[in-house]
**Q** 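Let me begin by handing over the structure; questions about it come next.
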Protein chains: 2
Amino acid sequence: MLKKERQAYIIQQINIHNKVLSSDLCVQLDVSEDTVRRDLQELAEEGKLIKVHGGALAKSFHFTIESKQVYSLPEKKIIAHKAIDLIKDGMLVVISGGTTMRELVNMLPPDLNATFVTTNVPIALELLEHPNAEVIFLGNKLLKSAQMAVGAEVVQRLGQIKADLCLLGTNSIDLNFGITDLEWEIIEVKKAMIACAQKTVSLAISEKLNTTQRLQVCALDQVDVLITELDPTNEKLTPYAKLGLSIL
Amino acid sequence: MLKKERQAYIIQQINIHNKVLSSDLCVQLDVSEDTVRRDLQELAEEGKLIKVHGGALAKSFHFTIESKQVYSLPEKKIIAHKAIDLIKDGMLVVISGGTTMRELVNMLPPDLNATFVTTNVPIALELLEHPNAEVIFLGNKLLKSAQMAVGAEVVQRLGQIKADLCLLGTNSIDLNFGITDLEWEIIEVKKAMIACAQKTVSLAISEKLNTTQRLQVCALDQVDVLITELDPTNEKLTPYAKLGLSIL
DNA sequence: TGCGTTCCCGCATAATCACGCAAAAAATTT
DNA sequence: AAATTTTTTGCGTGATTATGCGGGAACGCA
């Protein structure tokens with residue numbers, strides 16, 4: 001077996017498992033541990049992996065302490081409060097994820113009698129704490145990064161729903177590109193959410209205004225209401241109002 | 001398992017729970033307490049956490065925010081530990097709810113590569129924290145009391161699954177009446193879980209032995225393994241062993 | 001105060017690593 | 001095709017690192 005082949009195999013293994021053990025590799029490749037170690041060292045120098053005692057880790061294997069996002073930002077509370085007024089008794093509400101949404105669910109008036117549809121696990125959990133809310137979770141394979149269910153199954157079942165309201169936590173909103181998001185699987189679900197609801201509401205902190213991500217969820221003409229923590233008369237919002245969005 | 005991996009896992013646990021216990025970690029990671037302690041010490045020197053007696057705290061730990069983590073009974077840890085040995089790489093595991101199950105999910109070895117199917121929201125959330133587990137949530141209407149999805153939809157989709165293992169949190173188990181539970185909708189789902197799995201494991205604290213509820217989930221002949229916190233040779237368990245159950 | 005847990009220290013063991021050297025393999029030149 | 005150079009590999013040695021265990025000290029709780 002050629003050296004290049006071996007190293008390619010190592011990279012491949014790293015990509016699959018995010019790690020390799022020297023001891024494993026020297027069995028799989030039928031070479032001595034020294035050779036494996038030299039290979040790993042070379043690959044490490046080329047920046048293709050991180051060498052550690054006993055093996056190597058994927059370059060993407062970095063662990064940082066991300067301080068847990070404080071979800072009691074006052075802005076989010078303001079937004080949540082405004083949005084809650086849109087939810088009336090008897091409504092069927094489709095609700096996405098995000099910390100703002102969690103804040104909203106937490107603040108729901110206890111006597112509200114509404115049905116909520118979500119694919120987001122933490123949101124579902126919060127909703128379960130509500131005494132009167134009926135909760136429908138559309139499940140399937142769960143996406144770790146967003147803690148939500150995604151996939152054709154979810155999209156299809158959203159298509160069978162006629163909702164009154166779609167509450168959309170929004171990462172990025174822009175005059176030209178509309179609402180955008182990071183991951184393909186997420187925008188698929190959000191699209192379906194918007195499509196099934198009579199009225200779509202975008203909840204966004206003002207810092208998310210006029211920012212974009214790679215993938216488009218929908219254009220602004222599909223959004224009916226925009227909620228930020230700002231006063232509706234704020235000049236940052238006037239361009240959005242001119243496009244026909246209701247500002248709250 | 002590589003040292004860095006272990007430390008990354010510790011950091012992750014800290015990020016999730018704001019704290020870790022050395023005693024927990026050494027079980028989860030399958031290393032001695034000394035090793036855990038040395039890891040914590042290293043990470044503390046790097047400023048990634050705060051070492052305290054018995055474990056460590058997140059750097060951002062606020063004493064005002066007491067994490068509402070339920071104090072878990074040591075019995076449940078023993079049970080969880082026994083059950084984890086049954087889960088092997090590549091398995092498809094159907095898993096019910098309950099605090100014991102949560103303990104189990106929390107203790108899953110980080111390098112385990114398995115797929116989990118559940119209908120329980122808190123369990124799904126815990127599973128999402130696991131670095132390698134694939135999580136499938138079978139959703140539908142959520143039952144507030146059990147924080148799980150129930151209904152024909154769930155049962156039907158469970159019927160489409162061929163699982164290797166069914167881990168069943170058990171409220172009541174009795175020699176005559178088998179496993180019983182409180183609510184109609186729950187037993188429907190549990191029945192389906194048992195039916196779709198090759199092997200059914202009942203996890204029960206010994207105080208649940210020889211108790212009954214109103215509704216039967218299944219007779220004992222459908223249960224393959226019974227796990228309690230007791231020693232398998234304990235006389236309380238011998239009648240169950242005589243019925244053909246494996247006792248762990 | 002007393003008891004169980006956790007911690008700290010040193011040591012033993014085993015695994016891993018780094019280095020040099022020589023054999024083997026591959027590539028290059030003659 | 002033979003000879004020479006270069007690269008690669010395996011092995012031995014000793015250093016380094018990682019881990020577990022025992023014993024005594026320190027800690028925390030009742």
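Just so it is clear: chains get the letters A, B, ... in the order the sequence lines come, proteins before strands, and each one is counted from 1.
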**Q** If you measure from the Lys or Arg side-chain nitrogens to the Asp or Glu carboxylate oxygens, is any gap between B:Lys51 and B:Glu42 under 4.0 Å?
**A**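 No.
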
**Q** Name all residues meeting the side-chain contact (heavy atoms from CB on, under 4.5 Å) criterion together with A:Asp39; count only those two or more places apart in sequence or in a different chain, and write none if there are none.
**A**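 Scan of A:Asp39 (side-chain contact (heavy atoms from CB on, under 4.5 Å), adjacent residues dropped) gives A:Lys3, A:Arg6, A:Gln7, A:Ile10, A:Thr35.
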
**Q** Are the side chains of B:Lys208 and B:Thr170 in contact, using a 4.5 Å heavy-atom criterion?
**A**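 B:Thr170 vs B:Lys208: side chains apart.
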
**Q** Distance under 4.0 Å to a non-hydrogen atom of chain A counts as contact; along DNA chain C, which nucleotides mark the start and end?
**A**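 Span of nucleotides near chain A: C:dT16 to C:dC19.
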
**Q** Of all residues at least two apart in sequence or in a different chain, which pass the salt bridge (Lys or Arg N to Asp or Glu O under 4.0 Å) check with B:Asp30?
**A**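 With neighbours one apart ignored, the set is empty.
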
**Q** Ion pair present between B:Glu134 and A:Lys141, side-chain N to carboxylate O less than 4.0 angstrom?
**A**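 Answer for the salt bridge query: no.
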
**Q** Hey, does B:Leu243 have a side-chain heavy atom less than 4.5 Å from the side chain of B:Leu175?
**A**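 The answer is yes; the side chains approach within 4.5 Å.
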
**Q** Quick check: do B:Pro110 and B:Asn132 have side-chain heavy atoms less than 4.5 Å from each other?
**A**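 The answer is no; the side chains never approach within 4.5 Å.
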
**Q** Sugar-phosphate means primed atoms, P, OP1 and OP2; the rest is base. With that split, encode nucleotides 18-30 of chain D 5' to 3' as B, S or - using protein heavy atoms under 4.0 Å.
**A** SBBBB-----S--

**Q** Can you find a heavy atom in the side chain of A:Leu40 that is under 4.5 Å from one in the side chain of A:Leu49?
**A**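 SC-SC contact between A:Leu40 and A:Leu49 confirmed.
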
**Q** Decide, yes or no, whether a salt bridge links B:Asp164 with B:Lys88 under the criterion of side-chain N to carboxylate O below 4.0 Å.
**A**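 Not counted as a salt bridge, because no side-chain N and carboxylate O are separated by less than 4.0 Å.
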
**Q** Heavy atoms within less than 4.0 Å of DNA chain C: which residues of residues 14-21 of chain A have one? Give them sorted by number.
**A**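 Contacts with DNA chain C under 4.0 Å: none.
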
**Q** Could you check if a side-chain atom of B:Thr115 sits within less than 4.5 angstrom of a side-chain atom of B:Met91, using non-hydrogen atoms only?
**A**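 No. Closest side-chain heavy atoms not under 4.5 Å.
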
**Q** When you measure from the side chain of B:Asn120 to the backbone N and O of B:Ala146, does any donor-acceptor pair fall under 3.5 Å?
**A**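 Looks like yes, one N/O pair under 3.5 Å.
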
**Q** Over how many whole Å does the gap from A:Arg37 atom CZ to D:dT8 atom P extend?
**A**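 Rounded to whole Å, this separation is 18 Å.
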
**Q** With axes from five pairs an end, tell me the bend angle of the helix from C:dT1-D:dA30 to C:dT30-D:dA1, nearest 10°.
**A**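 Between the first-five-pair axis and the last-five-pair axis there is 40°.
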
**Q** Sort out for me which residue in A:Val121, A:Leu127, A:Leu125 forms a side chain to side chain contact (heavy atoms under 4.5 Å, CB included) with A:Ile123.
**A**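 Single pass found, and it is A:Leu127.
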
